[in-house]
J.: 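I have a structure here, written as structure tokens, and I will follow up with some questions on it.
Chain A is the first sequence line, chain B the second, and so forth, proteins listed ahead of strands; every chain is numbered from 1.
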Protein chains: 2
Amino acid sequence: MTERKLSSTNYRNQSFLEEKCTLNELLDLVSKRWFTDVLFCIEEGHNRFKLIKDELKYISDTILSDRLKLLEKYQLITRTEFDEIPPKVEYALTEKGEELSTLLDSMCEFSEMLIPQLHS
Amino acid sequence: MTERKLSSTNYRNQSFLEEKCTLNELLDLVSKRWFTDVLFCIEEGHNRFKLIKDELKYISDTILSDRLKLLEKYQLITRTEFDEIPPKVEYALTEKGEELSTLLDSMCEFSEMLIPQLHS
DNA sequence: CAGTATCCCCCACGATACTG
DNA sequence: CAGTATCGTGGGGGATACTG
């Protein structure tokens with residue numbers, strides 16, 4: 001087993017803190033509920049809190065807020081605050097965000113091949 | 001937003017059951033603890049229950065058993081039972097399993113670019 | 001408009017014990 | 001060797017109420 005792949009295991013067990021999580025950390029991130037939806041939503045131009053909330057109509061404020069923070073923390077989106085009343089904030093994908101979106105598209109394609117037959 | 005991407009959202013909210021989950025179902029799957037580790041472990045030739053358990057030394061029987069079942073259910077691995085005493089079972093990746101492993105390699109590479117700076 | 005603060009619930013995970 | 005059965009808990013997720 002390669003070191004690269006082992007590292008993710010070690011991280012999760014806090015056995016070898018020097019090693020970075022990377023893959024598992026990324027998977028934990030993108031598998032959080034609504035995470036990919038918010039990402040795709042911003043990619044398609046819904047660039048404000050309310051616009052995203054309306055588009056993903058069942059998402060809660062709490063979760064949307066959290067997911068936006070995470071996306072920003074990992075530098076997948078930028079957050080631009082305008083000094084206006086009422087408040088105005090705009091979100092946009094970064095290059096890394098675009099790259100992740102592309103990767104998720106591949107995953108999506110694969111999943112469409114893998115999953116459907118199980119539900120038939 | 002494309003239908004393809006929306007469908008995952010709808011699935012999770014059980015709003016439109018006709019639509020398949022696919023992406024989110026796949027992400028839920030691969031983000032389960034130890035899932036990718038077991039997949040990679042089998043890919044690298046550790047093809048029996050005990051071999052995997054020894055390689056991933058902190059995994060519990062319960063979880064390993066569950067992950068193997070899931071991998072088999074999604075036809076990512078095959079399970080071959082030999083009629084011997086003591087029992088002997090061998091696991092091997094399918095083509096779909098290999099394909100998923102390749103996809104995860106891309107994700108891993110991306111994660112190594114994305115994550116490390118956050119922990120420094 | 002763009003969020004925070006609280007409280008609550010459920011289930012994935014894990015530890016332990018057991019079996020054909 | 002290759003698992004299953006059972007039980008306990010921690011944290012992610014969601015509903016609701018509130019704020020600058």
J.: Taking donor-acceptor contacts at under 3.5 Å, does the side chain of A:Ser65 reach the base of C:dA2?
T.: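 Looking at the base of C:dA2, it does not pair with any donor or acceptor on the side chain of A:Ser65 (distance under 3.5 Å).
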J.: Let me know the distance between OH of B:Tyr58 and C1' of C:dA15, rounded to the nearest Å.
T.: 16 Å
J.: D:dG3 C1' sits how many Å from B:Asp54 CG, rounded?
T.: 15 Å
J.: Rounded to whole Å, please give me the gap between CG in A:Asp28 and C1' in C:dA12.
T.: 12 Å
J.: Are A:Trp34 and D:dG14 close enough that a side-chain N or O sits under 4.0 Å from OP1 or OP2?
T.: yes
J.: Figure out the CG/P separation between B:Leu70 and C:dC13, and round it to whole Å.
T.: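 Between P of C:dC13 and CG of B:Leu70: 9 Å.
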J.: By nearest heavy atom, map A:Asp66 and A:Pro87 onto DNA chain C; which one lands nearer the 5' end?
T.: A:Pro87
J.: In whole angstrom, what separates B:Ile59's CD1 from C:dT16's C1'?
T.: 16 Å
J.: Round to a whole Å and report the spacing from CG of B:Asp83 to P of C:dG20.
T.: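 About 17 Å, once rounded to whole Å.
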J.: Using the side-chain heavy atoms of B:Arg48, tell me which of these nucleotides is nearest: D:dT16, D:dA2, C:dC13.
T.: D:dA2
J.: For C:dG20, give its Watson-Crick or G-U wobble partner with both distances under 3.5 Å, or none.
T.: D:dC1
J.: Across all strands, who's sitting opposite C:dG14 as a Watson-Crick or G-U wobble pair, both distances under 3.5 Å?
T.: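 The base-pairing partner of C:dG14, which may sit in any strand shown, is D:dC7.
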J.: Is atom CD of A:Glu84 surrounded by more than 12 heavy atoms (other residues, nucleotides or ligands) closer than 6.0 Å?
T.: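 Correct, the count exceeds 12.
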J.: Looking at B:Lys96, B:Glu43, B:Glu44, which hits side-chain hydrogen bond (donor to acceptor under 3.5 Å, both in side chains) with B:Ser101?
T.: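 Answer after filtering B:Lys96, B:Glu43, B:Glu44: B:Glu43.
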J.: D:dC1, D:dA2, C:dG14: which one has an atom nearest the side-chain heavy atoms of B:Pro86?
T.: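 The closest nucleotide is D:dC1.
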J.: Going by an N to O cut-off under 4.0 Å, is there a salt bridge joining A:Lys50 and A:Asp54?
T.: yes
J.: Apply the test side-chain contact (heavy atoms from CB on, under 4.5 Å) to residues A:Asp37 and A:Tyr58: give CA-CA distance (whole Å), side-chain angles for both, the deciding distance (0.1 Å), then the verdict.
T.: CA-CA 11 Å; A:Asp37 302 291; A:Tyr58 301 109; over 6 Å; no
J.: Give the C-alpha distance, both sets of side-chain angles, the deciding distance and a yes or no for side-chain contact (heavy atoms from CB on, under 4.5 Å) between A:Ile115 and B:Tyr74.
T.: CA-CA 7 Å; A:Ile115 310 277; B:Tyr74 284 89; 3.7 Å; yes
J.: C:dG3 phosphate, OP1 or OP2: any side-chain N/O from A:Arg79 under 4.0 angstrom?
T.: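 For C:dG3, OP1 or OP2 has a side-chain N or O of A:Arg79 closer than 4.0 Å.
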J.: With a non-hydrogen cut-off below 4.0 angstrom, is A:Tyr91 in contact with a base, only sugar-phosphate, or nothing?
T.: sugar-phosphate
J.: Measure from CG on A:Leu29 to P on D:dG11 and round the result to the nearest Å.
T.: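 The answer, rounded to whole Å, is 18 Å.
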J.: For C:dT4, take OP1 and OP2 only and decide whether either is under 4.0 Å from a side-chain N or O of A:Lys69.
T.: yes
J.: Within a radius of less than 6.0 Å around NZ of B:Lys73, do more than 12 heavy atoms belonging to other residues, nucleotides or ligands occur?
T.: no
J.: Select from B:Arg67 and A:Lys50 the residue whose nearest nucleotide in DNA chain C is closer to the 5' end of that strand.
T.: A:Lys50
J.: Output the single nucleotide from C:dA12, C:dA15, D:dG13 whose closest atom is nearest the side chain of B:Lys32.
T.: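 Nearest to the side-chain atoms of B:Lys32, counting from C-beta on, is C:dA12.
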J.: Could you work out which one of C:dT6, C:dC13, D:dT6 sits closest to the side chain of A:Thr62?
T.: C:dT6
J.: Within the pair B:Arg33 and C:dG14, is there a side-chain N or O less than 4.0 Å away from OP1 or OP2?
T.: yes
J.: Using atom CG of A:Leu64 as one end and atom C1' of C:dA5 as the other, report the distance to the nearest whole Å.
T.: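 In whole Å, C:dA5 C1' and A:Leu64 CG are 16 Å from each other.
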